[in-house]
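Sequence lines set the chain letters: A, B, ... in the order given, protein chains first and strands last, and positions in each chain run from 1.
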Amino acid sequence: MRALINLKLTMESGQPPEFLWNKDGERYWRELGDGSCCYLWQRDEELLYQGCTESYVREFLRLDDNLEEIYAVISAEDEVMTRAIERFRGLRITKNDPWETLVAFICSINNNIPRIRRNVQCLLSGGCVLPPEQLAAADLTRAKLGFRESYLKATAERVANMDFEALGKLNYTEAKQELMKLQGVGEKVADCVLLFGFGYLEAFPVDVWIARAMRAYYGIDKIKEMRRFARERWHPYEGYAQQYLYMLVREEKP
DNA sequence: ATCCAGGTGTGGG
DNA sequence: CCCACACATGGA
């Protein structure tokens, strides 16, 4: 399959695949719910896959997003975003399972990427995150989640008793409000779940790196104003802008 | 030893 | 609304 994408950038950019997928040489892989294995790799502009359908790949990597159009919108009158796009051309936002995304980003709280991955890997069974009911009942000591364990337990309990997937039918603001009722879900985690789990491209997660970027590149230092600025400048693709900004600021460390 | 990591909950001005 | 602080864990 042919598409504008840089698979390595996409799979290793702090998105859920970084915590949920494995790498074997050039090939990325993970187990699916039915116990089968999905492989993804790229060679000479060609995107290759095995063990899963093309439509699965298209949805997971959001290949139907028109990157050129998105680039045009978010780089307009914006030198910083223009530079980020030149540097990270082909980086895409991924569409992951909402529950797995929620678990991963609760684990991400005040944590670093290598350890988030280790934490999440301890919560897997058959390659997938334990479903809410099982996670709520499981002994998580071995995962060494620290203070996040109680958040995860409470949230698993709550999600087990609600229609979690139905949040994806609400509009962005309503869905975010509902998510933030869960333990361990503040604005940042909610936005990550909405962006990477439910596919709301208007979500703009502000973590320490994005805050640093907004200060250094745009002279903004209040979090609330960062979100307002992002919406004004990059709507409806705040999520893409955020991912390119995140990669840029981590590389440049301004 | 001290600081930091894709923050949140809580308490106080 | 804003800010300070605690919160486990482990690597630098």
Side-chain angles (χ1 to χ4, degrees), chain A residues 9-21 84 88 91-98 100-123 129 139-159 176-217 220-230 234 238-254:
Chain A
L9 271 182
T10 301
M11 300 297 281
E12 302 178 32
S13 54
Q15 296 185 52
E18 180 123 22
F19 316 127
L20 295 165
W21 286 65
F88 303 109
L91 167 63
R92 284 181 182 269
I93 295 292
T94 57
K95 167 68 177 72
N96 305 269
D97 176 77
E100 293 191 328
T101 304
L102 174 56
V103 170
F105 281 98
I106 284 178
C107 291
S108 82
I109 299 171
N110 196 222
N111 205 351
N112 56 65
I113 289 181
R115 208 168 79 91
I116 297 167
R117 181 181 165 84
R118 290 205 306 274
N119 289 153
V120 172
Q121 290 288 315
C122 286
L123 304 175
V129 172
D139 174 18
L140 304 182
T141 314
R142 197 178 66 86
K144 302 227 175 250
L145 297 173
F147 65 88
R148 305 165 196 83
E149 181 176 328
S150 58
Y151 294 166
L152 195 54
K153 281 285 193 179
T155 287
E157 184 78 40
R158 179 74 189 99
V159 171
K176 183 168 176 178
Q177 204 165 2
E178 289 305 308
L179 276 173
M180 288 177 62
K181 292 177 180 173
L182 302 170
Q183 283 293 306
V185 182
E187 289 215 54
K188 192 274 177 180
V189 170
D191 275 326
C192 283
V193 174
L194 289 169
L195 178 58
F196 303 119
F198 286 103
Y200 292 80
L201 293 184
E202 65 200 289
F204 186 76
V206 179
D207 66 356
V208 290
W209 292 99
I210 293 299
R212 182 188 298 195
M214 296 298 272
R215 270 194 298 275
Y217 299 137
I220 303 171
D221 39 36
K222 282 182 294 223
I223 308 278
K224 268 199 81 116
E225 191 170 339
M226 293 175 189
R227 294 195 189 92
R228 191 175 57 74
F229 178 92
W234 298 311
E238 295 95 313
Y240 269 97
Q242 178 271 164
Q243 197 60 32
Y244 279 78
L245 210 47
Y246 176 79
M247 295 297 280
L248 187 68
V249 71
R250 284 186 65 119
E251 185 171 276
E252 296 186 347
K253 299 188 196 305

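For the P atom pair drawn from C:dA4 and B:dC3, the interatomic distance equals 16 Å after rounding to whole Å. To the nearest whole angstrom, the two P atoms, one in C:dA8 and one in B:dG11, are 16 Å apart.
Residue A:L182 is in sugar-phosphate contact alone, with no base atom involved, counting any heavy-atom pair closer than 4.0 Å across all strands shown. Note on A:R250: only backbone sugar-phosphate atoms sit closer than 4.0 angstrom, heavy atoms only; bases stay farther off. Within 4.0 Å (heavy atoms only), A:Q183 reaches sugar-phosphate atoms of the nucleic acid but no base atom. Note on A:R117: nothing from the nucleic acid sits closer than 4.0 angstrom, heavy atoms only. Among the protein residues, A:V185 comes within range of the sugar-phosphate backbone only, with heavy atoms under 4.0 Å from sugar or phosphate atoms but none that close to a base. Contacts of A:G184 with the nucleic acid, taken as non-hydrogen atoms under 4.0 Å apart, involve only primed sugar atoms and P, OP1 or OP2. Within 4.0 Å (heavy atoms only), A:Q243 reaches at least one base atom of the nucleic acid. Residue-level contact check: A:S150 touches neither bases nor backbone, having no heavy atom under 4.0 Å from any strand.
Screening A:M226, A:R227, A:E225 against A:M214 for a side chain to side chain contact (heavy atoms under 4.5 Å, CB included) leaves a single residue, A:M226.
You can see that DNA chain C meets the heavy atoms of chain A within a 4.0 Å-exclusive cut from C:dC2 to C:dG10, reading 5' to 3'.
In this structure, the side chain of A:Q243 does not engage the main chain of A:Q15 through any donor-acceptor pair within 3.5 Å. At distances below 3.5 Å, at least one donor-acceptor pair connects side-chain atoms of A:R148 with backbone N or O atoms of A:N110. Counting only distance, with no hydrogens or angles, the side chain of A:R117 and the backbone of A:E18 share a donor-acceptor pair below 3.5 Å. In this structure a side-chain-to-backbone donor-acceptor pair under 3.5 Å is missing from A:T155 to A:L182.
For the pair A:L152 CG and B:dG9 C1', the interatomic distance rounds to 16 Å; values are reported in whole Å. As a whole-Å value, the separation of A:L145 CG from B:dG7 C1' is 15 Å. Atom CZ in A:R118 sits roughly 16 Å away from atom P in B:dA5 (whole-Å rounding). Spacing between atom NZ of A:K181 and atom P of B:dT8 amounts to 17 Å, rounded to whole angstrom units. A:I223 places its CD1 atom 10 Å from the C1' atom of B:dG7, with the value rounded to the nearest Å. For the pair A:E149 CD and B:dT8 C1', the computed distance is 16 Å after rounding to whole Å. Atom pair A:W209:CH2 and B:dC4:P shows a separation of 11 Å (rounding to whole Å applied). The interatomic distance linking A:I210 (CD1) with B:dA5 (C1') rounds to 15 Å, in whole Å.
With the 3.5 Å cutoff on both pairing distances, Watson-Crick and G-U pairs in DNA chain C assemble into runs of at least 3 at B:2-5 with C:9-12, B:7-13 with C:1-7.
When all heavy atoms of A:I93 and A:G239 are compared, the closest pair comes out as CD1-O, 3.6 Å.
Residues satisfying the ring-ring contact (aromatic ring centres under 6.0 Å, His included) criterion with A:Y244, sequence neighbours excluded, are A:Y71.
The CZ atom of A:R92 sits 12.5 Å away from the OG atom of A:S13 when rounded to the nearest 0.5 Å.
The nearest heavy atom of DNA chain B to A:M180 and to A:D207 marks one nucleotide each, and the one closer to the 5' end goes with A:D207.
The aromatic rings of A:F196 and A:F105 sit parallel to each other, their planes meeting at less than 30°, with 60° as the upper class boundary.
Environment of NZ in A:K144: sparse, with no more than 12 heavy atoms of neighbouring residues, nucleotides or ligands closer than 6.0 Å.
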